[in-house]
K.L.:
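Pasting a structure below so you can have a look.
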Amino acid sequence: MTVQKTDPALDAELAAERHHLTSSRAALRRMRERAEGLYRTGDGVGGDPFAAESLGRALAQRIAELADDPDTPLFFGRLDHAEHAADGAAGEHTVGLDAVDTEHADNAGASFHIGRRHVVDDSGEPLVIDWRAPVSRAYYQASARQPMGVARRRRYGFAAGALTGFEDEHLTAGEELGTASRILTSEIERPRVGPMRDIVSTIQPEQDDLVRAELAVSLCVQGAPGTGKTAVGLHRAAFLLYHHREQLRRSGVLVVGPNAAFLGYIAAVLPALGEVGVDQYTVDALVAHAPVRAVDTPDAAAVKHDVRMARVLRRALYGQLVKPTESLVVSDGSARWRLSAEALRRIVDDARREGLPYATGRERVRARVASGLRRQAEARGESPGDTWLRRVGRSAPVREFLDSCWPAVDPTGLVVALLGDRELLATAADGILTDAEQDAIAWPRPLRTARLDRAPKAARLTTADNVLIDEAAGLIDRVGSYGHVVVDEAQDLSPMQCRAVARRSEHGSITVLGDLAQGTTPWAARRWPDSLAHLGKPDAEVAALTTGFRVPGAVLDLANRLVPALDVAVPAATSLRADGSLRLRRMSTVDDDLPDAVRDALAEEGSIGVIAPDAAVEACGLALAAAAIPHSTVDDLAAAERVVLVPATLAKGLEYDHVIVLEPADIVAAEPRGLHRLYVVLTRAVSRLVVLHSADLPPVLVA
């Protein structure tokens with residue numbers, strides 16, 4: 001039922017709910033003030049300087065987590081448990097004072113407000129329960145068929161942070177609204193202006209199952225447009241941070257996105273959920289070892305992103321090892337210690353077989369050489385200690401031996417040497433790359449200053465070269481691993497980019513998000529098992545989300561016409577939304593028709609995305625400027641204009657209430673996987689889609 005203002009009883013209940021909201025905001029403010037007070041006095045209670053600094057960092061993060069946005073409701077739902085729950089109904093949905101997790105507590109007759117974070121009053125009693133707490137799961141999973149002990153589920157309507165109404169479902173009486181809920185559907189369809197927002201109030205049961213998967217579980221979510229796969233990944237990160245706070249605070253959580261515009265779009269989601277300590281990078285930023293000063297040819301990029309390059313780099317690196325042929329002699333005062341060539345070969349061979357990172361292997365050889373020399377000294381009655389070991393290990397003869405048999409190698413130096421030395425490339429790539437492939441990646445002229453043990457400053461490296469450098473860095477030394485990694489638009493990652501992500505999740509789990517139908521790079525995945533193997537998680541579960549909540553049915557039906565031509569096996573997508581509109585219009589000129597279409601969209605509420613072929617973006621900007629229509633570009637993250645001009649190649653992952661797409665045929669013709677790009681572009685609309693074209697539409701679109 002929805003609140004009727006003429007009913008005094010309901011008006012009184014609405015007033016009580018508003019009072020609870022006011023009390024909750026006041027309690028959150030006091031929680032933040034207490035944290036700020038501790039922060040101000042932390043240096044006096046932190047003990048030693050290191051402890052004080054650690055306490056200060058923790059309190060600063062706590063203060064940020066307790067920030068309150070007055071336009072965002074503190075709670076969005078309420079659970080009223082039945083006075084006498086069925087046997088077993090309450091035990092697994094228990095509540096405590098902090099984590100809301102006390103085992104076997106009886107929730108019969110209890111009421112809980114469900115919100116974005118945990119809020120307690122001055123006595124520690126919960127006013128708002130975090131949506132991630134075990135007791136909150138019933139808000140998303142309970143149904144008339146399985147009430148989970150819940151007699152009534154209440155959803156709240158808000159406007160600019162003010163509570164405007166509520167809607168009840170009496171689950172034990174068989175009353176369930178589901179997607180017929182006005183509040184639920186209005187929240188899903190609420191106009192989108194600005195960055196992406198959280199979906200904690202609208203998470204559906206199938207999404208909730210994925211969000212609450214255990215930390216040890218790696219997941220791959222194949223999500224059709226509008227199914228909320230990005231939101232699922234971000235909310236899973238927030239859920240894991242809540243339940244494994246200390247573990248993930250130490251090991252960290254990483255979110256990897258396709259481009260800076262996308263990361264800017266999703267940047268506010270986790271902070272809105274109280275999580276501010278998550279690293280967010282594009283793949284290029286993640287592997288940015290050297291400045292990018294050049295662009296690869298398509299053929300060169302295809303070879304460099306091929307997984308075979310991992311074998312080439314390994315062979316080039318370990319090809320630097322040389323078997324010792326001479327003995328080693330180290331002078332120590334009047335004594336001289338000697339290791340034979342045979343003993344040195346055993347040391348090098350043993351370290352090689354142990355499969356250690358290259359730099360670790362070099363230090364292992366150094367340590368074993370020093371230990372061998374110490375045994376000789378001990379045999380003569382001396383007692384050399386650790387200081388003696390370190391001195392001998394860094395003596396000139398030992399350094400010279402290491403440099404000749406296990407030389408130091410810099411990752412950038414190795415890649416530059418490989419690309420700039422045709423002889424080294426031919427040796428390392430023999431039987432792996434064809435002659436034509438070697439020609440594609442080899443530099444016409446080697447860099448004169450190239451050295452294996454240092455990064456050259458003058459090298460003209462590409463983004464793909466940085467991926468190779470990251471592979472080399474992983475061979476040479478261990479890369480820090482996160483406790484959990486979320487990878488969005490993963491279908492576009494090359495095998496070598498997947499390996500870069502895998503190195504950062506070696507000791508943690510991963511959430512892979514993507515849609516094979518939206519693969520637009522030359523190396524885009526056609527099967528998830530292939531990508532998961534490169535990501536180091538071949539046993540990850542693949543789950544499909546096929547029900548669209550964002551894209552209207554008419555828009556999705558149009559985009560679905562492209563799917564049979566995309567050469568991928570993905571489940572058919574459907575939309576729950578019968579609203580929205582679609583218009584296909586012949587265009588005479590950009591200068592006339594684009595401003596008219598934008599003005600029509602401006603008459604409605606919500607954000608407006610103008611998506612054009614990359615080559616036409618400048619002309620579109622000039623047309624909007626000439627019509628005096630304020631607009632911003634997608635890479636201007638600080639701009640707040642309603643109209644955003646988006647190149648087709650940067651549209652992935654973004655969404656707008658109104659989308660105007662220009663010249664689909666040109667979008668298709670611009671790149672080899674142009675139909676995939678068009679599929680992405682057409683599915684960015686939340687309410688209205690207008691397609692303007694002067695050229696004929698692609699035949700598959702009008703079939």
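Computed from a predicted model, the values in this text were never measured in an experiment. Residues take their numbers from the sequence shown, with the count starting at 1.
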K.L.:
Are the side chain of Arg117 and the backbone N or O of Ala272 linked by a donor-acceptor pair below 3.5 Å?
P.N.:
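Flag set: sc Arg117 to bb Ala272 pair under 3.5 Å.
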
K.L.:
For the backbone of Val253 and the side chain of His484, can you confirm whether one donor and one acceptor N or O come within less than 3.5 Å of each other?
P.N.:
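The answer is no, because no donor-acceptor pair under 3.5 Å joins these two groups.
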
K.L.:
Could you tabulate the donor-acceptor pairs under 3.5 Å formed by side-chain atoms of residues 276-287, not counting sequence neighbours?
P.N.:
| residue | atom | partner | partner atom | Å |
| --- | --- | --- | --- | --- |
| Asp279 | OD2 | Tyr482 | OH | 2.8 |
| Thr282 | OG1 | Ala285 | N | 3.0 |

K.L.:
Do the non-hydrogen side-chain atoms of Ser143 and Glu169 ever get within less than 4.5 Å of each other?
P.N.:
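Counting from C-beta outward, Ser143 and Glu169 never come under 4.5 Å.
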
K.L.:
Under a 4.5 Å cut-off applied to non-hydrogen side-chain atoms, are His81 and Val135 in contact?
P.N.:
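Contact flag for His81/Val135 side chains = yes.
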
K.L.:
Going by salt bridge (Lys or Arg N to Asp or Glu O under 4.0 Å), name the residues that satisfy it together with Arg503, two or more places apart in sequence or in a different chain.
P.N.:
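Result, salt bridge (Lys or Arg N to Asp or Glu O under 4.0 Å) vs Arg503: Asp470, Glu471.
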
K.L.:
For the side chain of Arg249 and the backbone of His244, is there at least one donor-acceptor N/O pair under 3.5 Å apart?
P.N.:
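Side chain of Arg249 to backbone of His244: no pair is present.
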
K.L.:
With no hydrogens and no angle check, is any side-chain donor or acceptor of Ser481 less than 3.5 Å from a backbone partner on His507?
P.N.:
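Yes, the answer is positive, given that a donor and an acceptor are paired below the 3.5 Å cut-off.
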
K.L.:
Given Leu79 and Ile129, is the side chain to side chain contact (heavy atoms under 4.5 Å, CB included) satisfied, shown in steps?
P.N.:
CA-CA 10 Å; Leu79 295 175; Ile129 303 300; over 6 Å; no

K.L.:
How about CZ on Arg478, more than 12 heavy atoms from neighbouring residues, nucleotides or ligands closer than 6.0 Å, or not?
P.N.:
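No - once you tally the heavy atoms of other residues, nucleotides and ligands closer than 6.0 Å, there are 12 at most.
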
K.L.:
With side chains defined as the heavy atoms from C-beta onward, is the minimum distance between Val200 and Arg132 less than 4.5 Å?
P.N.:
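Not in contact.
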
K.L.:
Looking at CD1 of Ile608 and CG of Leu645, how far apart are the two atoms once the value is rounded to the nearest 0.5 Å?
P.N.:
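If we round to the nearest 0.5 Å, Ile608:CD1 and Leu645:CG are 12.5 Å apart.
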
K.L.:
First locate atom CG of Leu654, then atom NZ of Lys652, and finally report the distance between them rounded to the nearest 0.5 Å.
P.N.:
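Answer for the CG-NZ pair, Leu654 versus Lys652, is 11.0 Å.
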
K.L.:
Could you tell me the separation between the OG atom of Ser23 and the CZ atom of Arg18, rounded to the nearest 0.5 Å?
P.N.:
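Interatomic distance, Ser23 OG to Arg18 CZ, rounded to 0.5 Å: 14.0 Å.
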
K.L.:
Within the 3.5 Å criterion, strictly below it, is a donor on Tyr265 or Glu655 matched to an acceptor on the partner's side chain?
P.N.:
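Yes - a donor-acceptor pair under 3.5 Å links their side chains.
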
K.L.:
Working to the nearest 0.5 angstrom, can you tell me the gap between Leu240 CG and Glu214 CD?
P.N.:
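So the CG of Leu240 and the CD of Glu214 are separated by 8.0 Å.
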
K.L.:
So, are Asp122 and Arg30 salt-bridged, with charged N and O less than 4.0 Å apart?
P.N.:
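A salt bridge is present here (some side-chain N lies under 4.0 Å from a carboxylate O).
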
K.L.:
For residues Gln207 and Gly228, report the shortest heavy-atom separation together with the two atoms involved.
P.N.:
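That would be NE2-CA, 4.0 Å.
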
K.L.:
Does a side-chain heavy-atom distance below 4.5 Å link Gln141 with Arg212?
P.N.:
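The answer is no, as the side chains (C-beta and beyond) never meet within the 4.5 Å cut-off.
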
K.L.:
Would you please say whether a donor-acceptor pair under 3.5 Å links the side chains of His305 and Ser494?
P.N.:
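Yes, Ser494 and His305 have a side-chain donor paired with an acceptor closer than 3.5 Å.
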
K.L.:
Are any of the side-chain heavy atoms of Tyr656 and Val644 separated by less than 4.5 Å?
P.N.:
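SC-SC contact between Tyr656 and Val644 confirmed.
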
K.L.:
Does a side-chain N-to-carboxylate-O contact under 4.0 Å join Glu275 and Arg245?
P.N.:
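A salt bridge is present here (some side-chain N lies under 4.0 Å from a carboxylate O).
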
K.L.:
Which pair of heavy atoms, one from Val120 and one from Pro126, lies closest together, and at what distance?
P.N.:
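Answer, listing the atom of Val120 first, then Pro126: CG1-CA, 4.1 Å.
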
K.L.:
Check whether His118 reaches the backbone of Val128 with its side chain - one donor and one acceptor, N or O, closer than 3.5 Å.
P.N.:
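Side chain of His118 to backbone of Val128: a pair is present.
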
K.L.:
Let me see the working for Met31 and Val119 under side chain to side chain contact (heavy atoms under 4.5 Å, CB included), right down to the final yes or no.
P.N.:
CA-CA 8 Å; Met31 291 169 64; Val119 180; 4.1 Å; yes

K.L.:
With no hydrogens and no angle check, is any side-chain donor or acceptor of Arg684 less than 3.5 Å from a backbone partner on Gly609?
P.N.:
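Side chain of Arg684 to backbone of Gly609, a donor-acceptor pair under 3.5 Å: no, none is there.
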
K.L.:
Measure across Leu535 and Ala502 and return the closest heavy-atom pair with its distance rounded to 0.1 Å.
P.N.:
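Closest pair (atom of Leu535, atom of Ala502, distance): O-CB, 3.2 Å.
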
K.L.:
Would Lys537 and Val501 count as a side chain to side chain contact (heavy atoms under 4.5 Å, CB included) here? Give the steps.
P.N.:
CA-CA 11 Å; Lys537 310 295 180 185; Val501 174; over 6 Å; no

K.L.:
Hey, could you give me the CZ/CG distance between Phe75 and Asp130, rounded to the nearest 0.5 Å?
P.N.:
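The CZ atom of Phe75 sits 14.5 Å away from the CG atom of Asp130.
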
K.L.:
Are the side chain of His235 and the backbone N or O of Ala231 linked by a donor-acceptor pair below 3.5 Å?
P.N.:
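Yes; at least one donor-acceptor contact below 3.5 Å.
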
K.L.:
For Arg155, is there an ion pair with Glu167 - N to carboxylate O distance below 4.0 angstrom?
P.N.:
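Judged by the 4.0 Å cut-off on N to carboxylate O distance, Glu167 and Arg155 do not form a salt bridge.
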
K.L.:
Give me the ring orientation class for His113 and His20: parallel if the planes are under 30° apart, tilted from 30 to 60°, perpendicular past 60°.
P.N.:
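Plane angle under 30°, so parallel.
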
K.L.:
What pair of heavy atoms forms the shortest contact from Thr230 to Leu513, and how long is it?
P.N.:
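Scanning both residues completely, I find the closest heavy atoms to be CA-CD1, 4.0 Å.
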
K.L.:
Dump the intermediate steps for side chain to side chain donor-acceptor pair (under 3.5 Å) on Thr520 and Asp492, then the final yes or no.
P.N.:
CA-CA 6 Å; Thr520 53; Asp492 275 339; 3.2 Å; yes

K.L.:
Given the side-chain rings of Tyr139 and Phe76, with only the six-membered ring counted for Trp, is the space between their centroids under 6.0 Å?
P.N.:
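Yes, close enough.
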
K.L.:
Taking all heavy atoms of Cys498 and all of Ser531, pick out the closest pair and write down the distance.
P.N.:
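Answer, listing the atom of Cys498 first, then Ser531: SG-O, 4.2 Å.
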
K.L.:
Backbone N or O of Ile510 within a donor-acceptor pair of the Ser218 side chain at under 3.5 Å?
P.N.:
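Indeed, once roles are kept as given, a pair shorter than 3.5 Å links the two residues.
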
K.L.:
Using a 3.5 Å distance criterion without hydrogens, assess whether the side chain of His631 forms a donor-acceptor pair with backbone atoms of Glu641.
P.N.:
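No, the answer is negative, given that no donor and acceptor are paired below the 3.5 Å cut-off.
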
K.L.:
Does any non-hydrogen side-chain atom of Val486 lie less than 4.5 Å from one of Arg236?
P.N.:
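No - every pair of side-chain heavy atoms lies 4.5 Å or more apart.
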
K.L.:
Going by heavy atoms in the side chains, are Leu163 and Pro73 under 4.5 Å from each other?
P.N.:
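With C-beta onward as the side chain, the pair stays apart.
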
K.L.:
How long is the straight-line distance from CG of Leu270 back to CG of Leu241, given to the nearest 0.5 Å?
P.N.:
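One finds 7.5 Å between CG of Leu241 and CG of Leu270.
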
K.L.:
Check whether any side-chain heavy atom of Leu74 lies under 4.5 Å from a side-chain heavy atom of Arg25, and answer yes or no.
P.N.:
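The answer is yes; the side chains approach within 4.5 Å.
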
K.L.:
Could you pull out the closest heavy-atom pair between Asp515 and Gly223, with the gap in Å?
P.N.:
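Distance-wise, the nearest heavy atoms are CB-O, 3.2 Å.
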
K.L.:
In terms of heavy-atom contacts, does CD of Glu36 have more than 12 from other residues, nucleotides or ligands at under 6.0 Å?
P.N.:
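Yes, because the 6.0 Å sphere around CD of Glu36 holds more than 12 heavy atoms from other groups.
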
K.L.:
Using a strict cut-off of less than 4.0 Å between a Lys/Arg side-chain nitrogen and an Asp/Glu carboxylate oxygen, indicate whether Asp579 and Arg688 qualify as a salt bridge.
P.N.:
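Not counted as a salt bridge, because no side-chain N and carboxylate O are separated by less than 4.0 Å.
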
K.L.:
Would you say Asp614's side chain and Ala648's backbone share a donor-acceptor pair under 3.5 angstrom?
P.N.:
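Confirmed, Asp614 side chain pairs with Ala648 backbone.
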
K.L.:
What residues form a side-chain hydrogen bond (donor to acceptor under 3.5 Å, both in side chains) with Asn259, not counting sequence neighbours?
P.N.:
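With neighbours one apart ignored, the set is empty.
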
K.L.:
Please lay out, stage by stage, how Ile114 and Trp131 fare under the test side chain to side chain contact (heavy atoms under 4.5 Å, CB included).
P.N.:
CA-CA 6 Å; Ile114 310 301; Trp131 66 276; 4.2 Å; yes

